[in-house]
Amino acid sequence: MSNEVPIGKRLCRLLLVKLPLSLIALSLVWVLVLKWCPVLVTPLMVQRSIAYRSDKEFRTRKVWKPYREISPELARAVIASEDNLFEKHHGFDFKAIKDARREAKDGKRVRGASTISQQTAKNVFLLPHRNLVRKGLEAYFTVLIEAIWGKERILEVYLNVAEMGKGVYGAEAAARYHFDIPASELTRRQSCLIAACLPNPLKRNASHPSSYVSRRAAAISSLEQKLSYPEWIRHGTGVPSGKRKR
């Protein structure tokens, strides 16, 4: 009597067990590697390069910098602008999600509900398409980086890969492109201008801000004074974030 497993069962086992387990293992290794290694390229960078391939003036600007070589003013600004509860949540701001759903149901303009952790997961691991599968994968990778990377690494990666202009990615490239200075020298005003452009970096310009961007930057700066920040935001200087000289 043959003990050979029918081909149908083997195929089911491959598709439903072995393949998913292999993909999970691969994703875990991917996230573990990027806990320590710089993120040199993202799916969005590749997509933009393809989209602008006929633009002779387009080029990708990106320079990886460790968190300690990026002005803490930019860290404070992006938290104030993008994710006020960054240090307190575990990857998802459920209140913001609930509010966004209610606004959509009421026919109002929907505010962004993605946390910095979610944006980092999306930027590093996924293409920026809007569908349920991508949202599910975004949630999966958000859980992984929250568990494996921790907050400081998540913010470090975000500040190095976020789109901050046409072909401009990360703090160092943005600081040099917009203000001709290294990221370590960004002032509060400059940082707030960059943060004000994050929702739409292809149409907003930190070095030539519109009146809206200027007002938004001022509002971000004002909000900073009302938020509490972890000590590591200041690169471990031990200086309370609200009392450091501007």
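Basis for what follows: all heavy atoms, side chains included, without hydrogens, waters or symmetry-related copies.
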Using residues 168-178 as the side-chain source, report each donor-acceptor pair under 3.5 Å to any protein atom, sequence neighbours left out, with the distance given to one decimal.
{"residue": "Glu172", "atom": "OE1", "partner": "Ala183", "partner atom": "N", "Å": "3.0"}
{"residue": "Glu172", "atom": "OE2", "partner": "Arg176", "partner atom": "NE", "Å": "2.6"}
{"residue": "Glu172", "atom": "OE2", "partner": "Arg176", "partner atom": "NH2", "Å": "3.2"}
{"residue": "His178", "atom": "ND1", "partner": "Ser207", "partner atom": "OG", "Å": "3.3"}
{"residue": "His178", "atom": "NE2", "partner": "Met164", "partner atom": "O", "Å": "3.0"}

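Two different hydrophobic clusters hold Val63 and Phe179 under the rule that ILVMFWY side chains link at heavy-atom gaps under 4.5 Å. Val33 and Val161 end up in different hydrophobic clusters when Ile, Leu, Val, Met, Phe, Trp and Tyr side chains are linked at under 4.5 Å. Val31 and Trp64 fall within the same hydrophobic cluster, defined by Ile, Leu, Val, Met, Phe, Trp and Tyr side-chain heavy atoms under 4.5 Å apart, directly or through other members. Side-chain heavy atoms closer than 4.5 Å link hydrophobic residues (I, L, V, M, F, W, Y) into clusters, and following such links, possibly through other members, connects Val157 to Ile233. Under a hydrophobic clustering in which Ile, Leu, Val, Met, Phe, Trp and Tyr are joined whenever their side-chain heavy atoms come within less than 4.5 Å, directly or via other members, Ile154 and Leu28 fall into the same cluster.
Between Val78 and Ala75, the closest heavy-atom pair is CG2-O, 3.3 Å. When all heavy atoms of Ala80 and Leu223 are compared, the closest pair comes out as O-CD2, 3.2 Å. Closest of all the heavy-atom pairs between Ala206 and Cys197 is N-SG, 3.5 Å. Taking both residues in full, the closest heavy atoms of Glu224 and Arg188 are given as OE1-NE, 3.6 Å, listed atom of the first, atom of the second, then distance.
Using a 4.5 Å cut-off between side-chain heavy atoms of Ile, Leu, Val, Met, Phe, Trp and Tyr, Leu132 forms no hydrophobic cluster with any other residue. Clustering of Ile, Leu, Val, Met, Phe, Trp and Tyr side chains at separations under 4.5 Å places Tyr52 together with Phe58, Leu202. Alongside Leu85, the hydrophobic cluster contains no other residue (criterion: ILVMFWY side chains under 4.5 Å).
Ring-plane geometry between Phe125 and Trp30 is classed as perpendicular, the angle between the planes exceeding 60 degrees on a 0 to 90 degree scale with a lower cut at 30.
Of the possible polar contacts, one joining the Ser71 side chain to the Leu186 backbone as a donor-acceptor pair under 3.5 Å is found. Remark: side-chain polar atoms of Asn160 are not paired, donor with acceptor, to backbone N or O of Pro66 under 3.5 angstrom. A distance-only check finds no donor-acceptor pair linking the side chain of Arg216 to the backbone of Val213 [under 3.5 Å]. Of the possible polar contacts, one joining the Gln118 side chain to the Thr115 backbone as a donor-acceptor pair under 3.5 Å is found. The main-chain N or O of Ala217 is never found under 3.5 Å from a side-chain atom of Ser221 such that the two would form a donor-acceptor pair. No donor-acceptor pair under 3.5 Å is formed between the side chain of Arg153 and the backbone N or O of Ile145. Ser49 contributes a side-chain N or O that, together with a main-chain N or O of Met45, makes up a donor-acceptor pair within less than 3.5 Å. Using a distance-only test at 3.5 Å, with no hydrogens or angles considered, a donor-acceptor pair links the side chain of Arg204 to the main chain of Ala196.
Qualifying side chain to side chain donor-acceptor pair (under 3.5 Å) partners for Arg48, counting only residues two or more places apart in sequence or in other chains: Glu163. Tyr67 pairs by the ring pair (Phe, Tyr, Trp, His ring centres under 6.0 Å) definition with Trp232, His235, not counting sequence neighbours.
Screening Glu231, Glu156, Glu87, Glu146 for a salt bridge (Lys or Arg N to Asp or Glu O under 4.0 Å) with Lys151, the sole residue that qualifies is Glu146.
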- Task: Output, in order, the C-alpha distance, side-chain angles, deciding distance and verdict of side-chain contact (heavy atoms from CB on, under 4.5 Å) for His89 and Asp83.
- Result: CA-CA 10 Å; His89 63 63; Asp83 188 0; 2.7 Å; yes
- Task: Evaluate the salt bridge (charged side-chain N to carboxylate O under 4.0 Å, His left out) criterion for residues Glu73 and Arg234: first the C-alpha distance (whole Å), next the side-chain angles of each, then the deciding distance (0.1 Å), finally the verdict.
- Result: CA-CA 9 Å; Glu73 293 295 352; Arg234 289 299 183 187; 3.7 Å; yes
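If you take OG1 on Thr60 and NZ on Lys166, they are separated by 11.0 Å, rounding to the nearest 0.5 Å. Separation of atoms NE2 (His129) and CG (Leu137) is listed at 12.0 Å; rounding is to 0.5 Å.
Atom NZ of Lys35 is surrounded by more than 12 heavy atoms from other residues, nucleotides or ligands within 6.0 Å. Heavy-atom contacts from other residues, nucleotides or ligands closer than 6.0 Å to CG of Asn131 number more than 12.
Side-chain atoms of Lys122 and Ser114, non-hydrogen and from C-beta on, never get closer than 4.5 Å to each other. In this structure, the side chains of Phe86 and Ser117 come closer than 4.5 Å at one or more pairs of heavy atoms.
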